[in-house]
Amino acid sequence: GNQSPHCPLYIAAGQAMSPRELTVESVRYVGKAGMGAFRLGEKQLGWKCVSGPDGSSQHQWEGKDLQSAEWHSSCGGGHGLLKLRFKAKETVRFADFEIANLQKIKEHLLNCFKIKLVEFCPAMKGWSWADLELKDDSLRLTSGDRLLMEVDTAELNLVTSMGNELNLQLQDDREVLQGIRFFVPGGSAGEGSAGKSAEQWRDELVRKSNVDSAAVMLGQFTDISLVMPRGKHDLQFFPEMLQIRGKSQTYLVKWSSIKKILQVDLPDKKHKMLAVGVAPPLRNGNIEYNMIGIKFEIRAVSDISVCVPKDAWDTAQRNGLEKSRPAELNDDEVPTFEAVACLLKEMSGQNVFKPTSRFQVPDGTSSVSCSLITDTGHLFFFQKQLLFVPKPMFWRPLNRLEAVEFKDALMRKNTFELVLTFAGDRAVEFKQIPKEHQEAVFNFFDQSEELKSKIKEPDEVKKRLKASKSESARSPSPIRRMVDDPMYQEDEDDDFSDADGGLDSDSDVAPQPKKKLRSRR
């Protein structure tokens with residue numbers, strides 16, 4: 001609706017009301033908080049909040065723009081819902097009208113706006129099967145002459161099909177219905193509308209709405225292991241978003257929501273992981289995910305002609321897509337990890353960062369094994385950030401670091417604890433870190449001009465390191481030479497001048513790599 005600071009629509013108490021004006025109190029504007037008054041004037045109609053967090057917000061529309069009106073007896077207790085559709089493909093709903101208001105509203109709409117109010121009777125029973133029809137820019141599910149559910153095409157954000165499934169994603173970002181999935185039995189030509197396939201419904205809905213480019217799936221990778229959210233998921237790439245589809249939950253991630261992409265080689269030398277930072281976070285009930293952890297087997301490869309079809313990109317580009325299919329995906333087969341990382345980088349515009357070569361433990365890796373809370377994992381050191389995987393995934397930018405403390409473990413002589421304090425956070429304790437890695441961890445902070453001042457009692461730590469060296473009869477393992485992969489870059493060129501270190505900040509995103517990605521067969 002439109003808010004208007006002029007043309008007062010509501011009459012002050014005590015003023016006479018025109019016979020061609022109708023006001024109904026205690027009406028809800030569906031999608032808005034609070035109760036309000038609904039008013040039909042001679043040339044305008046509107047709703048004004050009376051109680052609720054929106055205060056006295058006011059919404060109004062021109063009567064000449066009204067195209068259709070429907071009455072649904074679906075609010076229970078003798079109350080109904082009024083659905084109004086306007087020229088700009090805007091649909092609004094008002095609920096909790098008493099049934100006694102129906103005749104007055106019907107007469108007013110017909111006399112002032114020349115609009116006939118159509119009445120619909122909702123289905124009062126739940127059904128597993130129903131008829132699907134597309135009518136007046138609205139997708140409706142009906143059982144006989146009863147309406148079970150409807151979705152306006154103007155509210156669609158994404159329409160996809162896979163086999164017999166028709167998947168609808170809605171535009172609203174609020175905590176309301178976000179998506180619907182239908183099972184459509186396969187039909188054949190000549191059977192009428194009831195025989196349409198899911199793909200035919202998708203194409204018709206695309207023609208009726210503004211989701212042409214979003215309906216084109218640019219790439220799909222199935223049965224990908226996710227650490228957070230947990231389980232096997234399908235990754236589906238669309239021009240406007242990434243769809244993460246699991247067995248019981250589907251997440252939509254707009255490309256603009258991706259703020260960080262980090263790559264790590266797991267110490268088992270069999271898996272790689274992508275840590276994708278998102279803001280706002282993904283939600284599953286009361287659980288929020290600020291990081292998405294995607295785990296890959298190093299040996300896994302994908303058939304690019306199937307997973308990232310070139311014709312889909314051509315179609316999307318004709319529909320206005322400005323991104324290009326990465327040249328690195330021209331090979332027949334590409335490691336799945338590289339294909340996904342390449343697409344994430346292209347679609348989000350974010351670089352893929354790898355741990356810094358400035359940090360290495362004796363075995364040549366860029367992480368240390370440790371425990372966080374009750375879970376064991378690995379802490380990776382980047383030039384400007386830290387990442388703990390696999391769970392709970394923990395990420396912090398180093399420009400928010402306030403203090404670094406090295407503590408000897410009370411119960412174990414061969415481990416130590418690293419206590420990090422970040423601005424606005426409680427101290428975070430990483431425990432059970434092997435003592436042979438303490439020097440590498442200390443040097444990481446001590447050799448940085450920005451971080452060395454954060455170390456508590458550095459001289460005492462150096463004394464303990466010296467004593468530990470003299471007691472140890474074990475010689476350090478040879479350092480493995482790190483292989484430089486031009487697909488990834490270290491985030492080592494930026495400074496720490498930006499105080500905002502949250503996921504919404506681009507302060508630690510390095511410039512785009514000069515070298516192009518390459519795929520490895």
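The model shown is predicted, which means the values in this text are computed figures rather than measured ones.
- The CE atom of M273 sits 11.0 Å away from the NE2 atom of H378 when rounded to the nearest 0.5 Å.
- In this structure the side chain of L226 reaches within 4.5 angstrom of the side chain of I244, judged on heavy atoms.
- For T336, the side chain to side chain contact (heavy atoms under 4.5 Å, CB included) criterion is met by F221, I224, F296, A300, S302, V340, not counting sequence neighbours.
- No donor-acceptor pair closer than 3.5 Å links the side chain of Q383 to the backbone N or O of P355.
- Contact check for P326 versus L343: side-chain heavy atoms found under the 4.5 Å cut-off.
- By the 4.5 Å heavy-atom criterion applied to side chains, R245 and R181 are counted as neighbours.
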With side chain to side chain contact (heavy atoms under 4.5 Å, CB included) as the test, would you mind laying out the steps for V389 and V227 before giving the verdict?
CA-CA 9 Å; V389 296; V227 177; over 6 Å; no

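- R230 pairs by the salt bridge (charged side-chain N to carboxylate O under 4.0 Å, His left out) definition with nothing, not counting sequence neighbours.
- What you find for L274 and L344 is that their closest heavy atoms are CD1-CD1, 4.0 Å.
- Side-chain contact check for S367 versus V264: every heavy-atom pair is 4.5 Å or farther apart.
- Judged by distance alone, the side chain of K456 and the main-chain N or O of A403 form no donor-acceptor pair under 3.5 Å.
- Note that NZ of K462 is 9.0 Å distant from CG of N443, once rounded to the nearest 0.5 Å.
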Please lay out, stage by stage, how D425 and L420 fare under the test side chain to side chain contact (heavy atoms under 4.5 Å, CB included).
CA-CA 10 Å; D425 284 344; L420 303 178; over 6 Å; no

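- Every residue two or more places apart in sequence or in another chain that forms a side chain to side chain contact (heavy atoms under 4.5 Å, CB included) with I373 is listed here: P392.
- Rounded to the nearest 0.5 Å, atoms CE (M347) and CD1 (I258) are 9.5 Å apart.
- E346 places a side-chain N or O within 3.5 Å of a backbone atom of S324 that can act as its donor or acceptor partner.
- Residues L242 and I292 have side chains not in contact (no heavy-atom distance under 4.5 Å, counting atoms from C-beta outward).
- No hydrogens or angles considered: nothing links the side chains of S57 and K48 as a donor-acceptor pair under 3.5 Å.
- Using cut-offs of 30° and 60° for the angle between ring planes, the H59 and W61 rings count as parallel.
- The backbone N or O of F353 lies less than 3.5 Å from no partner atom in the side chain of N351, so there is not a single donor-acceptor pair.
- No more than 12 heavy atoms of other residues, nucleotides or ligands lie within 6.0 Å of CD in E457, so this atom counts as exposed by the packing criterion.
- Separation of atoms CG (L262) and CD (Q385) is listed at 5.0 Å; rounding is to 0.5 Å.
- Looking at W313, its side chain does come within 3.5 Å of a backbone N or O of L218 through a donor-acceptor pair.
- Across every non-hydrogen atom of S448 and R358, the tightest pair is CB-NH2, 4.2 Å.
- Residue S225 forms a side chain to side chain donor-acceptor pair (under 3.5 Å) with just one option from K295, K232, H271, and that option is K232.
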I294 and L235: side chain to side chain contact (heavy atoms under 4.5 Å, CB included), yes or no, with the steps?
CA-CA 10 Å; I294 314 174; L235 304 182; 4.3 Å; yes

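- Surrounding CD of E297 are at most 12 heavy atoms belonging to other residues, nucleotides or ligands under 6.0 Å away.
- Aromatic ring orientation, F94 versus Y29: tilted (interplanar angle from 30° to 60°).
- Between R325 and V308, some side-chain heavy-atom pair lies under the 4.5 Å cut-off.
- With sequence neighbours left out, D96 forms a salt bridge (charged side-chain N to carboxylate O under 4.0 Å, His left out) with R28.
- Taking CG of N399 as the reference point, atom CD of E450 lies at 10.0 Å (rounded to 0.5 Å).
- For the pair F416 and K435, the tightest heavy-atom approach, listed with the atom from each and the gap, is CD2-CA, 4.0 Å.
- Using a cut-off of 4.0 Å between Lys/Arg side-chain N and Asp/Glu carboxylate O, K354 and D265 are scored as not salt-bridged.
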Would C370 and F388 count as a side chain to side chain contact (heavy atoms under 4.5 Å, CB included) if you check the C-alpha gap in whole Å, the side-chain angles of each, and the deciding distance to 0.1 Å?
CA-CA 9 Å; C370 59; F388 178 87; 3.6 Å; yes

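- Under the rule for a salt bridge (charged side-chain N to carboxylate O under 4.0 Å, His left out), the partners of E429 that lie at least two apart in sequence or sit in another chain are K431.
- The two residues F406 and R464 come nearest to each other via the heavy atoms O-NH2, 2.9 Å.
- The aromatic rings of Y251 and Y289 sit perpendicular to each other, their planes meeting at more than 60°, with 30° as the lower class boundary.
- By the 4.5 Å heavy-atom criterion applied to side chains, F237 and M217 are not counted as neighbours.
- Of the options F382, F380, F444, a side-chain contact (heavy atoms from CB on, under 4.5 Å) to S366 is made by F380 and by none of the others.
- In terms of modelled atom types and a separation under 3.5 Å, the side chain of N330 and the main chain of A327 share a donor-acceptor contact.
- The heavy-atom pair separating M35 from W47 by the smallest distance is C-CZ2, 3.9 Å.
- The side-chain heavy atoms of R396 and V428, taken from C-beta on, include no pair separated by under 4.5 Å.
- No more than 12 heavy atoms of other residues, nucleotides or ligands shown are found within 6.0 angstrom of NZ on K391.
- Between I298 atom CD1 and L266 atom CG the span is 8.0 Å, to the nearest 0.5 Å.
- Looking at residues two or more places apart in sequence or on another chain, you find no salt bridge (charged side-chain N to carboxylate O under 4.0 Å, His left out) involving D234.
- Nearest approach of A279 to K259, heavy atoms of both residues: O-CE, 3.8 Å.
- The aromatic rings of F381 and F445 lie perpendicular to each other, with more than 60° between the two planes, well past the 30° mark.
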